[in-house]
Engineer: 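This is the structure, below, for whatever I ask next.
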2 protein chains.
Amino acid sequence: MPAPAKLRPQLSPDLVVEAAAKVLERDGIDGLTMRAVAAELKVQAPALYWHFPNKDALQVALFDHLMADLAFAIDGRDWREDIHLMCHQLRRHLLARRDSAQLLPHGFFVGPNMMEQAETILGILIRAGMTPKDAAYAMSTGVSYIITWVIGEADILQRRLTGHDGNDELAHRLVATGRYPYFAQVIGAFELGGDIEGQFDFGLNCLIAGFEQLIPRR
Amino acid sequence: MPAPAKLRPQLSPDLVVEAAAKVLERDGIDGLTMRAVAAELKVQAPALYWHFPNKDALQVALFDHLMADLAFAIDGRDWREDIHLMCHQLRRHLLARRDSAQLLPHGFFVGPNMMEQAETILGILIRAGMTPKDAAYAMSTGVSYIITWVIGEADILQRRLTGHDGNDELAHRLVATGRYPYFAQVIGAFELGGDIEGQFDFGLNCLIAGFEQLIPRR
DNA sequence: ACCTGAACACCGTTCAAGT
DNA sequence: ACCTGAACACCGTTCAAGT
């Protein structure tokens, strides 16, 4: 005779992470509370603490989970091109998973999935001629750039939807005083209507140009 | 006859910001609560809402306040050198004011002080030959790099003090599986004992190398 | 071993009421 | 005009108690 069916499926770290992913997608980072995740699992909040020591650990696991299906599509002909493509793909991946970039206050290469991705990136840079240390720093700088960028971009997209923007107003009032002549020239570049993808590429290309100098010419 | 002395000095936005600065320095970003700021002023928390619409607005004002005495020391001979110096000075300024880099989720050029600083930076880049738009993007990319960096660096310094680091442990366990050969080569670069200032310079030099390409050769 | 119930020590913010 | 008192609707986390 088989074991009696359990009334409730047992919790597990994986189930908790999947529930957290659902909550994050539905309610955003502010809605991602231990109680909400527990509710998603039809369980009381303290139950989660049997599987994760605290919310931080859950967020780390969640981020890694969200990076599991990040598959870089590159052709391996030119490392500059490959890195460029991968950075754009990482940006899109993060943007497509609501608030995922805000999950990690610090350190993104923890967990099996992110480390798997790191292998790809490091391989390209090292085979291109970088020292392992330079490759590590370059990867860290690049990913950090993208994560910070995506947080900012999501914020801009959000404010475009909700309409007006308090900070913009303040900046305009200050510019109107005439005390910031250079800023007055460039304030358009910071406005919500700006070329957002172009600005991403701008910083990205600067970084890649810098990376290029780390590779010995032959 | 002069007006009777008030029992309590009247509150003002400036006084609130100064109290908030004290609380931030003493208790860090987690201790910066409306109640704590109010207590510092010997006032009830709701009183603050007469002077600021919400906590976010207070944080924006506080950040600008903390940037008031940021004075760039440069000599104006070479723009690359100047930018390099300013970036290091901004890093030190932020590091010296506890958790200041964590005050701003989005947008750092709001408020008279930051815009004053922006004038200096934009001036250097535009006079070096950049278009205003490129100068704006370059400044934005650079400051964003530094702020993100400082948040990470403060975190590393903190973990160095408190000793052990859970994420490091996880990464080591995963590396020990042998499935991440490249990562195994570079894990030393990410450890707490790493050359932290060197890593900052690494990213910074990459960016500046990229900026250089925006300036037409003569 | 794994989860519930109840509680602790907080948050940001609102709002009627005071002065 | 400016602040208090009291409350609302939450948080993350702990811990004894249940099964």
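Throughout, protein chains are lettered first and strands after them, A, B, ... in sequence-line order, and every chain is numbered starting at 1.
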Engineer: Could you state the CH2-C1' distance from B/Trp50 to C/dA17, rounded to the nearest angstrom?
Structural biologist: 14 Å

Engineer: Considering only atom P, compute the distance from C/dA9 to D/dA9 and round it to an integer number of Å.
Structural biologist: 23 Å

Engineer: Roughly how many Å is it from CG in B/Asp30 to P in C/dA9, rounded to a whole number?
Structural biologist: 19 Å

Engineer: Between C1' on D/dG12 and CG on A/Leu48, what's the gap in Å once rounded to a whole number?
Structural biologist: 11 Å

Engineer: Take the protein atom CE of B/Met34 and the nucleotide atom P of D/dA9, then report the distance between them rounded to whole Å.
Structural biologist: 20 Å

Engineer: My understanding is that a pair needs two contacts under 3.5 Å, Watson-Crick or G-U wobble. By that rule, which nucleotide pairs with C/dC15?
Structural biologist: D/dG5

Engineer: Round to the nearest Å and state the distance from B/Gln10 atom CD to D/dA1 atom P.
Structural biologist: 12 Å

Engineer: What integer distance in Å separates B/Gln44:CD from C/dT14:C1'?
Structural biologist: 15 Å

Engineer: Roughly, in whole Å, what's the span from OH in A/Tyr49 to C1' in C/dA1?
Structural biologist: 20 Å

Engineer: Taking only side-chain N and O atoms of B/His51, does any of them lie within less than 4.0 angstrom of OP1 or OP2 on D/dA1?
Structural biologist: no

Engineer: May I have the list of side-chain donor-acceptor pairs in residues 60-67 of chain A shorter than 3.5 Å, sequence neighbours left out?
Structural biologist:
| residue | atom | partner | partner atom | Å |
| --- | --- | --- | --- | --- |
| A/Asp64 | OD1 | A/Asn113 | N | 3.2 |
| A/Asp64 | OD1 | A/Met114 | N | 2.8 |
| A/Asp64 | OD2 | A/Asn113 | N | 3.1 |
| A/Asp64 | OD2 | A/Asn113 | ND2 | 3.2 |

Engineer: Indicate every side-chain donor-acceptor pair of residues 20-38 of chain A with a distance under 3.5 Å to a residue at least two apart or in another chain.
Structural biologist:
| residue | atom | partner | partner atom | Å |
| --- | --- | --- | --- | --- |
| A/Arg26 | NH2 | A/Glu40 | OE1 | 2.3 |
| A/Thr33 | OG1 | A/Ala36 | N | 3.0 |

Engineer: From NZ of B/Lys42 over to P of D/dC3, roughly how many Å is that when rounded to an integer?
Structural biologist: 16 Å

